[in-house]
2 protein chains.
Amino acid sequence: MVQEAMGELRGQGYKVTRSRRLVMEVLDKVDKPLSPYDIQRLLQQQGEALNHVTIYRTLDLLCRLNLAHRVLLSGGFIRCALSPQGGCHRFMVCRGCGSIREFIDDALCHEESGITRTLGFHTEHHYSESLGLCSDCYRKQLEEDSTYNRM
Amino acid sequence: MVQEAMGELRGQGYKVTRSRRLVMEVLDKVDKPLSPYDIQRLLQQQGEALNHVTIYRTLDLLCRLNLAHRVLLSGGFIRCALSPQGGCHRFMVCRGCGSIREFIDDALCHEESGITRTLGFHTEHHYSESLGLCSDCYRKQLEEDSTYNRM
DNA sequence: AACTAAATGCAACAATGTTGCATTTAGTTG
DNA sequence: CAACTAAATGCAACATTGTTGCATTTAGTT
């Protein structure tokens, strides 16, 4: 994943640097959205110091090259999991553990674009977040419910 | 709109204050997402001073009561246009003029929930933004294209 | 009119994000 | 491999956004 990303950088004429590799490695390792300062803190813990300005600029670049996205509901960044169709991004955001998974669905995009078209809007791409519980957290919740809420 | 919102406040046991009315009036008047500080600046222009802390707290309250939402793509707040079905919010965000319109569509929500369910995710509500051009900006763009890009 | 919990303002602070410029470095060339 | 150069980074300084505790004010009530 990181290697591919570095290749993409080089291919687009950007330099492959320690900062960019480190930022990409963190995004790759952690499946939760991370703010620029989150990334800085994580790197610091593993003894790698990066200036926050560099992290901001690196994330800008990674987003421009579609190697990362900004996740809005929680305000952090995650790595780009799927090659997006027409710039559409859809995420499942677990309110239990904070994990994020991306998914795509062409039929859904067509349907949503169709609905907005009837409202006079010309959609170029979608951004959606489904907030709820991942399977693990859902199971945990069920167990808790059956343990404590019986009456 | 503002009157209803104030009634809702009173009904829920909250006081109807100058600050709350002013914030709601601004959100009602302006159809673009506004950050807390945007709201402060707009009020200042019409000679009404509000402390930013008050605005933050007022917006928190309005969001809790579903009288406003936070729009994520641009980071601002807008008034709540529709009584949301199961907490689902969908917006059309024009990249031309920055205007925002909310819409709801039950069928779409069912479809999206169904897709995520097959991925093991239990969706509680959706948040989506369709980025593109409103009809006005789309028309303007077409005109510009035919004027300048003919070759 | 007096009362009181709620709401506001203020001050101080914390966190996040931005800009200009000097220094360093990745990738290239000889 | 050494020298070169545009690109990338770090630093400092600043701007904006968001938060907290506490004194003061005010909306709604008695």
Side-chain angles (χ1 to χ4, degrees), chain A residues 2-3 5-27 32-45 47-65 67-78, chain B residues 2-3 5-27 32-45 47-65 67-78:
Chain A
V2 176
Q3 285 317 309
M6 295 303 104
E8 182 66 15
L9 278 177
R10 192 176 288 112
Q12 300 276 342
Y14 295 98
K15 293 182 180 175
V16 174
T17 64
R18 171 174 161 271
S19 318
R20 289 171 182 170
R21 188 186 308 277
L22 283 174
V23 170
M24 201 62 202
E25 277 170 7
V26 170
L27 293 180
K32 295 179 187 178
L34 301 171
S35 75
Y37 282 94
D38 287 340
I39 293 171
Q40 189 180 42
R41 277 173 225 116
L42 283 172
L43 286 173
Q44 216 136 37
Q45 284 170 18
E48 306 278 8
L50 276 193
N51 190 282
H52 69 279
V53 178
T54 300
I55 296 176
Y56 273 92
R57 296 197 270 227
T58 299
L59 289 169
D60 280 350
L61 178 63
L62 294 178
C63 286
R64 277 205 306 281
L65 297 182
L67 298 170
H69 310 307
R70 178 141 223 179
V71 171
L72 299 162
L73 211 53
S74 40
F77 291 85
I78 59 170
Chain B
V2 176
Q3 283 318 310
M6 294 304 104
E8 183 65 15
L9 278 178
R10 191 174 289 113
Q12 300 276 342
Y14 296 97
K15 293 183 179 174
V16 174
T17 63
R18 171 176 160 269
S19 317
R20 290 172 180 168
R21 187 186 308 278
L22 283 174
V23 169
M24 201 63 203
E25 277 170 7
V26 170
L27 294 180
K32 296 180 184 178
L34 301 170
S35 74
Y37 282 95
D38 287 340
I39 293 171
Q40 190 181 41
R41 277 174 225 115
L42 283 171
L43 286 173
Q44 215 136 38
Q45 285 171 18
E48 306 277 8
L50 276 193
N51 189 282
H52 69 279
V53 177
T54 300
I55 296 175
Y56 274 93
R57 296 198 269 227
T58 298
L59 289 169
D60 280 351
L61 178 63
L62 294 178
C63 287
R64 278 205 305 282
L65 298 182
L67 298 170
H69 309 307
R70 177 140 222 178
V71 171
L72 299 161
L73 213 52
S74 39
F77 290 85
I78 59 170

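Quick caveat, the model's predicted, so the values are computed rather than measured. Note: hydrogens, waters and symmetry copies are ignored here, and every other heavy atom, side chains too, is used. Just so it is clear: chains get the letters A, B, ... in the order the sequence lines come, proteins before strands, and each one is counted from 1.
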For B/Glu8 and B/Gln12, test the side chains for any donor-to-acceptor distance below 3.5 angstrom and give the result as yes or no. yes
Nucleotide C/dA26, atom C1' - distance to CE of A/Met6 in whole Å: 14 Å
With axes from five pairs an end, tell me the bend angle of the helix from C/dA1-D/dT30 to C/dG30-D/dC1, nearest 10°. 30°
Least distance between heavy atoms, A/Cys63 atom then A/Arg70 atom: SG-N, 4.2 Å
For the pair made of CD in A/Gln12 and P in C/dG27, what is the distance, rounded to whole Å? 15 Å
Taken to the nearest whole Å, CG/B/Asn51 to P/C/dC10 is 6 Å
Could you check how far OH of B/Tyr14 sits from C1' of C/dA6, rounded to whole Å? 11 Å
Main chain of B/Met6, side chain of B/Arg21: is a donor-acceptor contact present, judged purely on distance under 3.5 Å? no
Could you state the CZ-C1' distance from B/Arg20 to D/dA27, rounded to the nearest angstrom? 10 Å
Can you tell me how far P of C/dA6 sits from CG of B/Leu9, to the nearest Å? 15 Å
I want to check one thing: is the phosphate of D/dT26, taken as OP1 and OP2, less than 4.0 Å away from some side-chain N or O of B/Thr17? no
Show the nearest heavy-atom pair for residues A/Arg18 and A/Glu48, with the distance to one decimal. NH2-OE1, 3.3 Å
Could you tell me the separation between the CG atom of A/Asp60 and the CZ atom of A/Arg57, rounded to the nearest 0.5 Å? 9.5 Å
Would you call A/Leu50 and A/Thr58 a side-chain contact if the rule is heavy atoms closer than 4.5 Å? no
If I take atom CG from residue A/Leu42 and atom CG from residue A/Leu27, how far apart are they, to the nearest 0.5 angstrom? 10.0 Å
Whole-Å distance, B/Leu61 CG to C/dA6 C1', equals 11 Å
Can you tabulate the close N/O pairs, meaning under 3.5 Å, that link protein atoms to atoms of nucleotides 18-20 of chain C?
unit_1 : atom_1 : unit_2  : atom_2 : d
C/dT18 : O4     : A/His52 : NE2    : 2.9

Does any part of the side chain of A/Leu61, heavy atoms only, come nearer than 4.5 Å to the side chain of A/Arg20, both counted from C-beta? yes
Starting at CD of A/Gln40 and ending at P of C/dG17, how long is that distance when rounded to a whole Å? 12 Å
Please tell me which of the listed nucleotides, C/dA6, D/dG10, D/dA6, lies nearest to the side chain of A/Lys15? D/dA6
Most 5' of A/Arg18 and B/Arg18 on DNA chain D, judged by nearest nucleotide: A/Arg18
Nearest to the side chain of A/Arg10 - C/dG27, C/dT16, C/dC10? C/dG27
Cationic N near anionic O, under 4.0 Å, A/Arg41 to A/Asp38: yes
